[in-house]
Amino acid sequence: MSTKRLYIVVPCYNEEAVLPETAKRLREKVHTLMESGAVSSDSKVVFVDDGSKDATWSVIEGLHEQDPLFRGIRLSRNRGHQNALLAGLMTVKEECDVTISMDADLQDDINAIDGMMEKYAAGNDVVYGVRSDRKKDTFFKKATAEGFYKLMQAMGVETVFNHADFRLMSARALKGLAEFTEVNLFLRGMVPMVGFPSDVVYYERGERFAGESKYPLKKMLHFAAEGITSLSIKPIRLITSLGFFIFLVSIVTIIYSLVRYFTGHTIQGWTTTVLSVWAIGGLIMISLGVIGEYIGKIYLETKERPRYLVQTYLKD
Ligand code: UDP
Ligand code: MG
């Protein structure tokens, strides 16, 4: 087997504080892999600047000038982590044999790359990086994140538990992913749909090396809702079932009120009436909201807007 050209794709949004260190560690890692013959000598590290407002792009330009190992893709504006990652992967998919995507902040353990390359050499097209533990996460982050994976599962979205976007994908798997043209991106739910042989590699997730998280709670909740509504129609089914259930309850209520009427106790039951009006009103509003979410998604999908636009691609 000839040695494979590996491209490591790193989305970066306002990461000037960590990029030099990330680049240094990635350079060491890729050189070790090149020396051992695990990857070819024209492998690359590709930083995707997701419309950063700080000096991220000039840092990337500087790295590219110093060392042809580093490349940069600059998007026309900020499009969010998922779009930036997809932009990177789609831009390089024709040039390489295999890609690894990872965060810029060094939370993903660079040493897991060796294990990923081994599993790739063993014939896997996709290797998922899975967090073996969350010791370094705060209790809150751990609880919300694990709750998120459980909820996804309950909603029928196939995801790999505790896997984020640290993942190896072969060019073949990327070409498969390119066939998914949806604009509501939730890559960790889409990659399992691509199929092909896959495996997992466990790693310990570290703390962010520098800078701050670009995923505050609000964005995290949004991301979870995005994942569910773009990959599952279970919530709509739940509403239908709920509707049936409430209809059954209402039959009982009708019989009950008629009995009360004929026995002359009509004025009683005011409490139950008021309560049920509020309860059902609330349920209807929630249901409309959920359905609205899906209509919003359909609206965005029918527009078929581009998911990202590349402004510059710094190659050799
Ligand atoms: N990121 C991005 N665009 C955004 C937000 C984040 O490309 O709009 C990148 C960010 O630079 C990092 C990765 O996505 O490489 C994950 O973000 P972060 O580390 O802030 O998330 P957390 O680890 O806190 O969930
Ligand atoms: Mg992070």
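Note that ligands are numbered from 1 as they come in the structure, with each ligand's atoms numbered from 1 the same way.
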Identify the protein heavy atom lying closest to atom 22 (P) of ligand 1, giving its residue, its atom name and the separation to 0.1 Å.
S213 OG, 3.8 Å
Beyond-backbone contact of I113 with M102, side-chain heavy atoms, under 4.5 angstrom:
yes
What protein heavy atom lies closest to atom 25 (O) of ligand 1? Include the residue and the distance to one decimal.
K141 NZ, 3.5 Å
Below 4.0 Å, non-hydrogen atoms only: which portion of N78 touches ligand 1? Side chain, backbone, both or neither.
side chain
Heavy-atom distance to atom 4 (C) of ligand 1: which of T22, D50, N83 wins?
D50
Tell me the protein heavy atom at minimum distance from atom 14 (O) of ligand 1, and give that distance in Å.
H81 CD2, 3.1 Å
In ligand 1, which numbered atoms sit nearer than 4.0 Å to a non-hydrogen atom of D105?
19 (O), 23 (O)
In this structure, atom 18 (P) of ligand 1 is nearest to the protein heavy atom R208 NH2, 3.4 Å
Ignoring hydrogens and angles, state whether a donor on the side chain of K93 or Y7 is under 3.5 Å from an acceptor on the partner side chain.
no
Would you check if there is a donor-acceptor pair between the side chains of D125 and S170 at a distance under 3.5 Å?
yes
Is there a path from I73 to Y13 through hydrophobic residues (I, L, V, M, F, W, Y) whose side chains come within less than 4.5 Å of each other?
no
Nearest-neighbour protein heavy atom for atom 21 (O) of ligand 1, which is reported as residue plus atom name and distance:
Y215 CD1, 3.2 Å
With heavy atoms only and a cut-off of under 4.0 Å, state how R79 meets ligand 1: side chain, backbone, both or neither.
neither
From H64 NE2 over to W57 CH2, what is the distance, rounded to the nearest 0.5 angstrom?
8.5 Å
F186 vs F223 aromatic rings, parallel, tilted or perpendicular, using cut-offs 30° and 60°?
tilted
Does any N or O of ligand 1 fall below 3.5 Å from an N or O anywhere on P11, backbone included?
yes
One residue to check: C12. Relative to ligand 1, which of side chain, backbone, both or neither has a non-hydrogen atom less than 4.0 Å away?
backbone
Taking all non-hydrogen atoms of both residues, which atom of A173 and which atom of V126 are closest, and how far apart?
CB-CG2, 4.0 Å
I need the nearest protein heavy-atom contact for atom 1 (N) of ligand 1: residue, atom name and distance, please.
Y13 CB, 3.7 Å
Does a donor on one side chain and an acceptor on the other come within less than 3.5 Å for Q311 and D49?
no
Answer key: the N, O or S atom of D105 nearest to the Mg ion (ligand 2) is OD2
If you count the atoms of ligand 1 from 1 in the order shown, which ones are under 4.0 Å from a heavy atom of A104?
15 (O)
Can you tell me the protein heavy atom closest to atom 5 (C) of ligand 1 and the distance?
K214 CB, 3.7 Å
Counting only heavy atoms not in E158, do more than 12 fall under 6.0 Å of its CD?
no
If you measure from the Lys or Arg side-chain nitrogens to the Asp or Glu carboxylate oxygens, is any gap between D42 and K44 under 4.0 Å?
no
What's the shortest distance from atom 12 (C) of ligand 1 to any protein heavy atom, and which residue and atom give it?
E15 OE2, 3.4 Å
